[in-house]
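Remember, it's 1-based here, ligands and their atoms both numbered in the order they're listed. Given the structure is predicted, the values throughout are model-derived calculations rather than measurements. One-based numbering along the sequence shown.
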Amino acid sequence: MKRLLSSLLLLAVAAVCVTPNWAAEPAGKAKIRVLLTYGGHGFEEKQLFAMLDAMPDIQYTKAQLPKPDAGLLKPGLEKDFDVILMYDMVGGIAPEQQKAFVELLKTGIGVVSWHHNMGANQGWDEFPKIIGGRFFTKPGEMGGKKFGVSGWDHGQDMNVTVVDKEHPITKGVKDFTIHDETYNKYYVAPDVKVLLKTDNPKNDPNIAWVTQYGKSRVFHLMLGHDHLAWDNPNFRQILNQGLHWAAGK
Ligand SMILES: [Zn+2]
């Protein structure tokens with residue numbers, strides 16, 4: 001009897017160990033499905049795509065804004081993509097596309113707003129509310145404060161301080177230095193949670209933050225002008241962990 005019981009126990013253990021064919025693929029193994037938006041600002045395409053190709057846990061599709069792909073940003077996109085990686089600095093999208101984008105963010109699709117994306121959609125005042133900041137290409141107003149044109153400077157060495165070392169996006173990343181473009185005199189929404197700061201005098205202090213819009217998790221990463229920044233392993237780790245976090249995975 002004892003022998004029969006242990007045989008039954010073994011069988012039960014074996015049954016649990018064998019993955020039944022109806023079980024979903026474990027979440028840890030599924031690739032993050034990324035829609036990469038670009039347009040409105042040049043960039044080193046070959047090196048950028050090579051960096052993303054080197055991330056084995058993501059797969060991405062390119063979308064050029066505003067034409068031909070701005071119409072993709074509407075409810076339903078969340079079925080095919082986990083996160084939108086926004087590297088566009090689009091001048092603007094049509095009012096009906098703005099509305100559809102806001103509706104899409106009610107579905108909880110992730111958003112990673114990256115570098116010059118802070119300067120996108122200058123004529124659309126909801127956009128800084130989505131990404132938690134604005135780089136001004138012309139004088140404007142945000143949060144009851146007037147802003148002049150924001151500034152930038154290429155080829156700067158920036159000390160980066162990790163403000164929140166426990167956040168999933170910055171976990172495992174120590175303070176580092178990066179060769180990148182500085183931005184200054186931009187707007188950051190007061191309710192964002194800041195993850196990275198710099199003491200570079202040519203840059204405003206807050207350079208990465210998270211916020212929420214609709215049901216969507218939003219991560220803005222100011223760093224990342226060109227391959228000199230993209231080749232920095234800390235940068236790659238933060239971008240990769242940011243995609244995972246925004247995707248909710
Ligand atoms: Zn740049």
Side-chain angles (χ1 to χ4, degrees), residues 34-55 60 62-66 83-93 111-124 127-128 130-140 142 147-161 169 176-189 192 194-209 218-240 242-243 246:
V34 176
L35 184 74
L36 170 70
T37 66
Y38 69 99
H41 196 296
F43 62 96
E44 295 173 329
E45 297 188 9
K46 206 176 138 203
Q47 289 97 328
L48 184 136
F49 299 143
M51 172 182 60
L52 295 178
D53 288 337
M55 294 182 183
Y60 66 97
K62 301 163 198 167
Q64 186 173 9
L65 305 188
V83 52
I84 311 166
L85 173 56
M86 307 193 80
Y87 199 58
D88 69 87
M89 192 171 154
V90 73
I93 55 176
V111 174
V112 175
S113 165
W114 182 16
H115 190 57
H116 48 234
N117 184 247
M118 211 204 315
N121 294 297
Q122 291 284 312
W124 182 25
F127 192 66
I130 295 171
I131 65 165
R134 168 166 276 172
F135 180 99
F136 290 88
T137 59
K138 53 187 182 203
M142 272 320 294
F147 285 80
V149 176
S150 302
W152 71 93
D153 215 333
H154 292 290
Q156 305 298 310
D157 283 318
M158 301 168 71
N159 297 321
V160 179
T161 304
I169 295 176
F176 62 97
T177 303
I178 192 165
H179 197 70
D180 206 341
E181 179 183 17
T182 52
Y183 281 174
N184 58 47
K185 293 183 236 153
Y186 52 85
Y187 164 78
V188 179
V192 301
V194 174
L195 298 183
L196 301 175
K197 278 183 183 278
T198 186
D199 61 359
N200 188 301
K202 290 186 170 182
N203 208 105
D204 290 355
N206 300 322
I207 55 173
W209 56 81
V218 179
F219 171 45
H220 177 77
L221 178 59
M222 196 218 84
L223 299 171
H225 173 72
D226 64 11
H227 75 277
L228 296 172
W230 307 335
D231 287 348
N232 187 309
N234 298 292
F235 175 84
R236 289 187 181 215
Q237 186 175 351
I238 290 165
L239 179 62
N240 183 269
L243 291 167

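Between Tyr186 and Ile207, the shortest heavy-atom distance links the atoms OH-CG2, 3.9 Å. Nearest heavy-atom pair across Trp230 and Trp114 is NE1-CZ2, 3.6 Å.
For the ring pair (Phe, Tyr, Trp, His ring centres under 6.0 Å) criterion with Tyr183, the lone passing option out of Trp152, Phe135, Phe136 is Phe135.
Not a single side-chain hydrogen bond (donor to acceptor under 3.5 Å, both in side chains) links Asn200 to another residue, sequence neighbours left out.
In this structure, CG in Asn234 is found 10.5 Å from CG in Leu223, a value given to the nearest 0.5 Å.
Side-chain atoms of Leu221 and Ile238, non-hydrogen and from C-beta on, do get closer than 4.5 Å to each other.
Near the Zn ion (ligand 1), less than 2.8 Å away, sit the protein N, O or S atoms His115 NE2, Glu181 OE1, His225 ND1.
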